[in-house]
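This report refers to the structure that appears directly beneath it.
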Amino acid sequence: MGNTKTKPGGQVQVDGIEIQHHANLQQTNLRSPYRPNTADATKKKKKITPLVLDGAKIGVLNSWVSKHIKKKECVVFIPQESSEGETCGCGYSKNLHFNDPLVPDVPPETKWDPQIHVKEFPSDAHGDMTFTGTTRNLAKAGAWIITGGSHAGVMKHVGEAIRDFSGGDQDSEIVLIGIATWGIVHNQDSLISEAGGAPALYPMDEGSQGALCCLDNNHTHFILVDDGTHGRYGVEIPLRTRLEKFISEQTMHRGGTAIKIPIVCVVLEGGPGTLDTIYNSMCNNTPCVIVEGSGRVADIIAQVANLSSSRITINLIKEKLQILFSDTYDSFTEAQIIMWTKKIQDIVRMGSLLTILREEKVGDQGMDVAILQALLKASHSADYNGQENWDHQLKLAVSWNRADIAETQIFTEDWTWMPSDLYPCLTLSLIEDKPSFVRLFLDRGVSLADYLTGDTLTYLYNNTDPSSLIHSKLERYATIEGSKEVAVSTIELYHVSRVLQELLGDLTEPLYPEAKHKRMRNIAHINIKMNGKLGAMKKHKNHLQLEHPVRDLLIWCIVQNRAELADIIWKLTHDGVAGALACTKILKALAKEEEDSETVEEMKALANLYEERAAGVFTECYRSDEKRAEILLIHVSRKWGRTTALQLAQESQALTFMSQGGVQTFLTRTWWGKLSVDNGSIQILLCMLFFPLIYSGLINYRKGSTNSSSFFDGNTNERRIRSVRQDPRNAPRGPKPYSCQWKLRAFFTAPIVKFYYNVVSYVGFLWLFAYVLMIDFQTYPSWREYLLYVWVFSIFSEELRQLLYDPEHRGFVKKSAEYIAEFWNQVDSMALGLFAVGLICRLVRTDTVYLGRVFLSLDFMIFCIRLMHIFSVSKVLGPKIIILRRMVKDIFFFLFLLAIWIISYGVAKQAILTTNEERLDWILRNVVYGPYLTLFGQIPSDVDSLNFDPKKCTQNGTDATLPKCVFNDGSQALFPEWLTIILMCLYLLLANILLLNLLIAMFSYTFGEVESHTDQVWKFHRFGLIKEYKERPAAPPPFILLAHLHDLLKHGIFRRPAHGHKVLRRELDEGQESSLLAWESYMKDNYQQMQQQRDEHSQENLVKETADSVSAVLRLLKIEKGSEGHQLEERLSVLEEQMAQSTQYLNWIISALTEKGFSSRTRILVHSSSQDSEDKASANTDGITEKNCLYHVNSRVLHYPDSRMIRHPVPDELVPWEVEFPEYNPPLYNAERNDRGTYNPNTEMEQKKRKYNSVDGLFDFRSCCGTYTVQDGLPLNPMGRTGLRGVGSLRWFGPNHSLHPVVTRWTTSSANGPNRKASKNMLEVLVVRRRENDLWSLPGGTLDPGQKVPIKFQALLKKSYLGKFLALLGSGTEVFHGYLDDPRNTDNAWIETQAINVHLDTKESLEKLLKNLKESDHEITLRWQLLDHKIPLYANEKEILQRTAEHLHAPF
């Protein structure tokens, strides 16, 4: 039964009564795309449109349901004896019973039989349903919770908890599925619809439900199981068990990793049906978590879980039932109590599948930890093959995001993990944002250089969050580049490179190469589409090897705003400063485009964090070595697109970084050039006025400026070696004196000197410009005006040089975009453009001379504004100029608001006072100019009649110099004074008071914002001016034309290559860069240690540690107090386990004596199941013998293998035949077999002539256990009761003899073995797996009468080799001969086997066997398996292998 709140989905988790985590239904109607869910970070969720079916699809669905889904109805009313004829055996009363007219009446003495009296019909209860009076949420099928579905008990509370958890969120990831019995549903008639598919309106009426139950309204889906009965609970358990088993066998792909679906049964409270669910789940190898303290069944199991099976007696269970089921204890029959005892014993035996969540641990670990530990506990005991098992456990831990458990329980000495083994889980951890696991894997030796290839990085980018900004940007590029034939465009690394260049700016070069062959890309797209998953593609040998994998992974983390992952990767980088600044730039660029405000704030905060890190690391470097730190700022980084740290800081507007003392000191030194920073401004000005003073010693030069070598000539060690090898006699006695030419060049190339000359030049230019405009502006230009033209042309040539100067070879387009982006370049362009317009008007015609003068006058104002940029270098004026620039931006917003009030008031006043004014100039004057002046106190005189003067206006507008008069009626002017005065007052109130004060507030806010960090802002903008004058020619305008002419002749005409310096950029070779980055990495580690120490000693951390210590002490006191009551019980449990071990050792001694010929009636027991490959008997039950028992266990499993037969429950204490068991009435079962020949079990039961305990013709009925009892002509199992009579699925009554050759050899290779740590000789055993079975087994099988080698084993050998193998078998060593505890055993038939070790200790014997072995095919697979206790074999055959290992002195 579905629910109208259905959404397509996939991941499965079941909580409450049963829990399954991360499963996908394979049907086409439920599908979920991969979406990463994390525990470390919150993700944005995309809205998913619910699936809506139209009429045609509903019809198809109804047709499918009618064919495949059936209901059951009891067609014959057969009264129950206890109901006085009013109730049928099916549970329905006479008036509600289904009547089938085609079914004939039955005799009165007929007993009701569901196999006969219940028939199947097409289902009429399916489709959607709606609960009346309730509102429920859409649920995204990311997690499944399966319960009983009823509105009662734990199921009701689970539904309410899930409802509260979703909190009304329509993107909830939990689907709550109820699997209930149809016959116990109250108001089931409202769910029946002949058409099907139509929404059913289900009323919840708890008041009249009686013994039935209402469906819970918080469930999203229901599966209702019908067996034709009414009022009987537990009918759904078998279907539910099969569904759980099906889910557990599925595999899902997450992050390119195949994950086996884990399934867990969680028990809270529960009744008899819950016990059946637990038992069936554990028999299907489903781990179970019991919550102690939740009541009833859960508490019974929790209280006896630590006891051995011998102490779990019928009387003990009775006591527990009386306490925990006090209200219903009287309804329990003796048979039910025996069944409970048997099931609880079996549950406790399966210790690896049972986890008890104790009350005292609930607060410490939580349910999620208990579930994960249960899965790991089950996985540890499961028979996976080495690597597969450990991978399975690691995937579970990753799915739960519990790196602490993985570190303590998975990364142990039991298994040696190769770094490559961790790659799939590392990919999954990265995609799902699980930094704790990424950190763990890196600590375990994973190298990013080996892990991160081009294919891996491409896969990571293709699995970014579809709702993220970076994914949409990459997808846009991929869609544009993609082929039309390709349905889904795949993101490639060159798409990533383009997006990163857009985010980092045009200063950087592409980080990844462009695609060379578009055709090959299209083929790759097609291959990906055909394979279905990118992760499924096989890696080719020529995959792209990334040059900088740490950088690439850091970028991948940063563009997705994953702070913790990025922090881990950044700590691995060597270029911490440049990397942190690049992260800052990327995050700030993404924040500008991000729409989600919360994400924007996170990005900005993360950008500020990395800016602080860059500043912190650089400060640490500067403290250690100033010279190296300065080189760190300007060295060209190959990792980040051949840019520098200073360029990245400028592009990202990193104010904090640029204001660092080390950066500012470097900029100051750059500003002074080769001059000493100790020189005063007066000294510089005097030398500028009279340059020969530079030779007088008036100014000082920076030390070391004349050295021909520098740090870039080699690393520190090389310079030290070079200095040691110098001859002391040739060493200079003092510093080399400065030459006159060097001093002259050093002085005039210093940026500060260039700046002073340019200031003087620019002031002179403005003086000349003003002189020409005001004094010497003739009809024809004078020589002064021509000089002005030359001066402006020199300024233009310098701007042109800045535009074309491209030392980084980025191209004209990018250089032009960078040039225009600068504000002061825009001002220069506007000034030069306006000057050109004025010059054209000035020179073209004489009648436009005045117009040209107007343009040039306006241009003079712009040139004066340009003067502010020059003085921005001043520490006093610079911040004020920055504040002024910010305020200008505020004015533009203010003018927009002001214009609204001016226009509204001006138009209203003009329309009221003046009619039909057609002169545009006077309209603008009255509408705009007049109201604007009113703001500054010029009150208009034309708003009332008080100051009206008719001589100052014209009546009809004929006088162009006067405004039009106020409207009049012919005799006098009409002034609506009451209106115009009120409008003016309102205008002044709103505009003059409100808006002007708003402007003042805006200015105050801007001033306060900039003033708070004005020093940082000034230091940041200072860098641009220093860089400009660093690359500027030494001569100021107009003499700069000579420098430009020199460059033009040198590089343009004579074509000499440009060897000019690259401003604030230094190239290092690989060795020098590696040495510098290694030193930076060391400094970065020091910075991180200091930060860690600072955090540890912070007040917040001290308070947290104190709180944790107090909590730990309280927890210990609580545990100490609660453990006293359990000490005695634990001691008794240990003593009992020791007794059980002693008994087992005695059994082994007796077995050994019997094998040597000493007959005894003592039972010999090996908890083992036959591996006879003809049956898959114990594939699902071999985990039941986990706790030692004195009696056979597998032989008493309730579900007889490969049949529907249920054994009679036999608790441990009732197994021996000597113990009375009055209620013992086992069913009879004789399975049909084709290989029995003339032997007929049914006939054997009637005749009494068989000679048991002896040889009877071809049949050997002798037992290795001694003489067994024969009762009523049938032998009795020497090990005791099994709960089933007959021969079962065995061949004959009595002992069924089998043979298992254990073929072994020595090997030194352990590459594929389960224990990579083994380096000594290991023992290998020959194992076989047949197509119909999933488990490996020892070769062999049941012996036919007179056979020496089983037919199954003969099929593995060539006929010519059979005789030789018989000889080997005869010379082999018997390692076991005795009774096998097999689930196919019955009271009258059992299996006894002989295991003979055939050890091939010579090369000749081994080669002969290998030549005569049958090759593996689709039916049979053979292989040599390293001997280990974890090999995927039938659990009970391992005891044979253990004895073999002991015999050959091999590890096991």
Side-chain angles (χ1 to χ4, degrees), residues 505-507 647 650-651 653 754-755 758-759 761-766 768-770 772-773 785 787-808 810-844 851-873 878 881-882 884-889 891-892 1021-1033 1035-1041 1043-1045 1047-1048 1063:
D506 294 331
L507 292 173
Q647 287 177 320
Q650 184 186 28
E651 286 292 315
Q653 297 185 352
K754 296 180 188 179
F755 173 75
N758 275 273
V759 170
S761 171
Y762 201 79
V763 173
F765 162 73
L766 292 179
L768 178 62
F769 202 167
V772 170
L773 288 175
E785 189 170 348
L787 177 60
L788 176 65
Y789 296 161
V790 174
W791 209 315
V792 172
F793 180 75
S794 67
I795 295 175
F796 170 74
S797 64
E798 172 57 21
E799 295 298 324
L800 188 63
R801 184 199 66 82
Q802 294 181 17
L803 176 64
L804 299 179
Y805 181 68
D806 186 18
E808 291 87 12
R810 290 174 303 171
F812 177 76
V813 176
K814 293 183 179 180
K815 185 66 178 178
S816 301
E818 178 189 356
Y819 177 84
I820 297 298
E822 175 63 32
F823 172 75
W824 293 112
N825 289 337
Q826 298 174 7
V827 174
D828 291 337
S829 301
M830 183 184 299
L832 293 172
L834 193 59
F835 188 90
V837 174
L839 184 62
I840 292 173
C841 295
R842 169 78 172 86
L843 300 178
V844 171
L851 180 62
R853 184 176 183 177
V854 172
F855 279 113
L856 292 176
S857 300
L858 297 175
D859 191 41
F860 178 80
M861 295 177 62
I862 299 177
F863 274 113
C864 288
I865 295 174
R866 183 65 172 79
L867 192 65
M868 289 191 298
H869 176 55
I870 296 176
F871 290 102
S872 62
V873 73
I881 294 173
I882 294 171
L884 184 61
R885 284 181 56 186
R886 297 283 185 90
M887 289 183 174
V888 170
K889 295 180 181 179
I891 287 179
F892 283 107
H1021 288 282
R1022 177 173 175 248
F1023 168 71
L1025 188 67
I1026 294 175
K1027 181 181 178 183
E1028 177 184 347
Y1029 282 94
K1030 175 69 176 177
E1031 65 182 5
R1032 195 183 185 100
F1039 306 105
I1040 198 173
L1041 285 174
H1044 294 161
L1045 181 61
D1047 292 339
L1048 180 63
V1063 180

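Position 1 is the first residue of the sequence; numbering continues from there.
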Residues that [X] engages under ring-ring contact (aromatic ring centres under 6.0 Å, His included), provided they are two or more places apart:
{"X": "Phe793", "answer": "none"}
{"X": "Tyr762", "answer": "Phe765"}
{"X": "His869", "answer": "Trp824"}
{"X": "Tyr1029", "answer": "Phe755"}

Practice task
Using atom types as modelled and distance alone, determine if a side-chain donor or acceptor of Arg853 lies under 3.5 Å from a backbone N or O of Leu773.
Solution key: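 Yes.
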Practice task
Return yes if some donor-acceptor pair links the side-chain N/O of Ser794 with the main-chain N/O of Leu1041 below 3.5 Å, else return no.
Solution key: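 No: the side chain of Ser794 does not pair with the backbone of Leu1041.
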Rounded to the nearest 0.5 Å, what separates atom [atom1] in [X] from atom [atom2] in [Y]?
{"X": "Leu832", "Y": "Ile862", "atom1": "CG", "atom2": "CD1", "answer": "10.0 Å"}
{"X": "Leu800", "Y": "His1044", "atom1": "CG", "atom2": "NE2", "answer": "8.5 Å"}
{"X": "Leu834", "Y": "Phe860", "atom1": "CG", "atom2": "CZ", "answer": "13.0 Å"}
{"X": "Asp1047", "Y": "Ser797", "atom1": "CG", "atom2": "OG", "answer": "10.5 Å"}
{"X": "Ile865", "Y": "Met830", "atom1": "CD1", "atom2": "CE", "answer": "9.0 Å"}
{"X": "Asp859", "Y": "Cys864", "atom1": "CG", "atom2": "SG", "answer": "9.5 Å"}

Contact summary for [X] and [Y], nearest pair of heavy atoms:
{"X": "Leu851", "Y": "Cys841", "result": "CD2-SG, 4.1 Å"}
{"X": "Trp791", "Y": "Pro1038", "result": "CE2-CD, 3.6 Å"}
{"X": "Glu651", "Y": "Gly505", "result": "OE1-CA, 4.5 Å"}
{"X": "Gln650", "Y": "Gly1024", "result": "NE2-CA, 4.3 Å"}
{"X": "Gln826", "Y": "Ile820", "result": "NE2-O, 2.7 Å"}
{"X": "Lys754", "Y": "Arg1032", "result": "NZ-O, 2.6 Å"}

Practice task
List in chain and number order the residues that pass side chain to side chain contact (heavy atoms under 4.5 Å, CB included) with Met861, two or more places apart in sequence or in another chain; answer none if no residue qualifies.
Solution key: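 Met861 satisfies side chain to side chain contact (heavy atoms under 4.5 Å, CB included) with Leu858 once adjacent residues are dropped.
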Handout entry: Which residues share a side chain to side chain contact (heavy atoms under 4.5 Å, CB included) with Asn825, sequence neighbours left out
Key =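 Scan of Asn825 (side chain to side chain contact (heavy atoms under 4.5 Å, CB included), adjacent residues dropped) gives Glu799, Gln802, Tyr819, Glu822, Asp828.
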Practice task
Report yes if some heavy atom in the side chain of Asn758 is under 4.5 Å from a heavy atom in the side chain of Pro1037; otherwise report no.
Solution key: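 In contact.
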Practice task
Determine whether Ser761 and Phe1039 make a side-chain contact, defined as any pair of heavy atoms from C-beta on separated by less than 4.5 Å.
Solution key: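 Ser761 does not reach Phe1039 side chain to side chain.
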Practice task
Let me see the working for Arg801 and Ile1040 under side chain to side chain contact (heavy atoms under 4.5 Å, CB included), right down to the final yes or no.
Solution key: CA-CA 11 Å; Arg801 184 199 66 82; Ile1040 198 173; 5.7 Å; no
